[in-house]
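Some notes on the structure that comes next.
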Amino acid sequence: MTVRAIGYGTSLPEKILTNDDLAEMMDTNDEWIRARAGIGARHVGGVTSEMATEAGAAALKDADLSPADIDLIVLCTSTPDQRLPATSAVVQANLGLTCGAFDVNAVCAGFTYGYVTAYGLMNAPTGPDRVLLIGADALSPIMDWTDRGTAILFGDGAAAVVLEKHEQGELLAFDFGADGNLQPILYCDHDGFITMEGREVFKKAVRAVTQSVENVLRKAEIEPGEIDVVLPHQANIRIIEAVAQRIGIPMERNVTVLETTGNTSGASIPLAMAKAADDGLLEPGKLVLMAGFGAGMAWASAVVRW
Ligand code: COA
């Protein structure tokens, strides 16, 4: 049994902070941010459960389903509304669902971890027939708005996909990794702000993602040139370019949204996925690569024959 995507939905808060807005708050400028990160604006003021609910409702509508058709919610987030309950339970109630619900926290690698988890559960005995898989993060509340090393990069957002058991949509291989020794270069304490050594994260990310993608392609017995669509984590356009170049996948096959969203952590890959679907890139049979990385550090790659 395999698993296909049958509906997509997104949610971005109304309030937009452009680079010029940031330049009024700190010593930075539009030219520097675009050149060093590829970001022009980000959405702020989001609440994880609200964005996840909006994205989930839109995905259900897109799939032409009612809440009763969903058997499980998996919410990928590192910014839950509360320590407990899991924010997925709040989303479940908001959407009027009665199914099981749990959160996955692997930060910016979360959606790929969540996709593989959902896929595995759907293929388990008595597993769910349809899963609402959501990535949602509200990073603006944990931003130090005086730190130009982090505030320029992150934003809020959510995106959801409805997964359904079907003969189309085979997960060919996945690769999970983590190195908890790297916790000091990117972390956020309870009631604190995101703290990051940007240059170190950049170097480690390029190395880890390149290695992980090489692993997953080898496991799937696929050459880089065969990949049709890459859904990379949207942290910095230069990281996406560096990995694409090292792996040997043309940059044009990478779907990006970060110019208008910044890094939305768990939402970034599904936002790219929703854009790819909108653009008609996710035709049945296409080879799709997801590659996420983030605090942990944790990383995850997956190859799906759509
Ligand atoms: N605006 C203007 N100038 C800035 C700036 C900003 N926002 N931030 C740093 N600078 C300056 C620095 O002071 C430094 O000046 P100097 O050369 O006079 O000392 C210069 O720009 C270069 O700084 P550096 O920190 O080396 O920049 P960088 O090229 O490494 O870019 C990041 C900084 C944060 C954009 C980059 O390191 C990055 O994206 N890292 C990965 C972060 C990430 O992806 N995190 C999430 C993982 S999920």
Side-chain angles (χ1 to χ4, degrees), residues 17-42 76-79 104-114 135-140 142-157 176-180 182-188 193-213 231-244 246 254 256-259 261-272 290-301:
L17 261 190
T18 64
N19 293 345
D20 288 336
D21 294 331
L22 286 178
E24 288 178 12
M25 299 159 64
M26 61 190 75
D27 182 14
T28 190
N29 58 77
D30 179 57
E31 196 188 352
W32 192 95
I33 301 170
R34 284 182 188 274
R36 305 308 290 169
I39 295 166
R42 68 289 295 146
C76 312
T77 187
S78 52
T79 52
V104 168
N105 181 359
V107 200
C108 301
F111 187 81
T112 311
Y113 271 89
D137 271 304
L139 298 165
S140 61
I142 53 167
M143 212 44 61
D144 174 355
W145 293 104
T146 65
D147 176 10
R148 67 179 183 170
T150 52
I152 59 156
L153 295 175
F154 297 96
D156 303 344
F176 287 169
D179 182 353
L182 297 176
Q183 183 260 1
I185 66 172
L186 180 52
Y187 65 91
C188 178
F193 300 118
I194 291 185
T195 304
M196 181 178 75
E197 290 175 34
R199 233 184 265 193
E200 270 313 292
V201 172
F202 193 105
K203 283 191 280 184
K204 299 277 197 276
V206 171
R207 211 172 298 152
V209 179
T210 301
Q211 182 72 63
S212 180
V213 170
L231 305 176
H233 173 45
Q234 314 278 313
N236 183 322
I237 195 73
R238 290 189 299 131
I239 296 178
I240 297 173
E241 287 167 350
V243 172
R246 280 167 173 75
N254 285 263
T256 63
V257 297
L258 83 173
E259 205 264 329
T261 63
N263 179 351
T264 55
S265 194
S268 88
I269 289 180
L271 281 171
M290 294 175 228
F293 65 90
M297 285 185 70
W299 54 90
S301 305

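Just so you know, residue 1 is the first one in the sequence shown, and it goes up from there. Counting starts at 1 for both ligands and their atoms, following the listed order. The shown structure was predicted, so the numbers you read here are calculated from the model rather than taken from an experiment.
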Run through ligand 1 for me and note each protein residue having a heavy atom under 4.0 Å from it, chain first, then residue number.
Asp27, Thr28, Trp32, Arg36, Cys108, Arg148, Gly149, Ile152, Leu153, Phe154, Leu186, Met196, Gly198, Arg199, Val201, Phe202, His233, Ala235, Asn236, Arg238, Ile239, Asn263, Phe293, Gly294
Heavy-atom donor-acceptor pair, Arg42 side chain to Ile152 backbone, under 3.5 Å:
yes
Within a strict 4.5 Å, meaning less than it, do heavy atoms of the Ile194 and Met143 side chains meet?
yes
Modelled atom types, side-chain donor and acceptor of Thr264 and Asp137, under 3.5 Å:
no
Report yes if the side chains of Phe293 and Ile239 come closer than 4.5 Å at any heavy-atom pair, otherwise no.
yes
Measure the acute angle between the ring planes of Tyr113 and Phe176, then classify it against the limits of 30° and 60° as parallel, tilted or perpendicular.
parallel
Are any non-hydrogen side-chain atoms of Ser265 and Thr79 less than 4.5 angstrom apart?
no
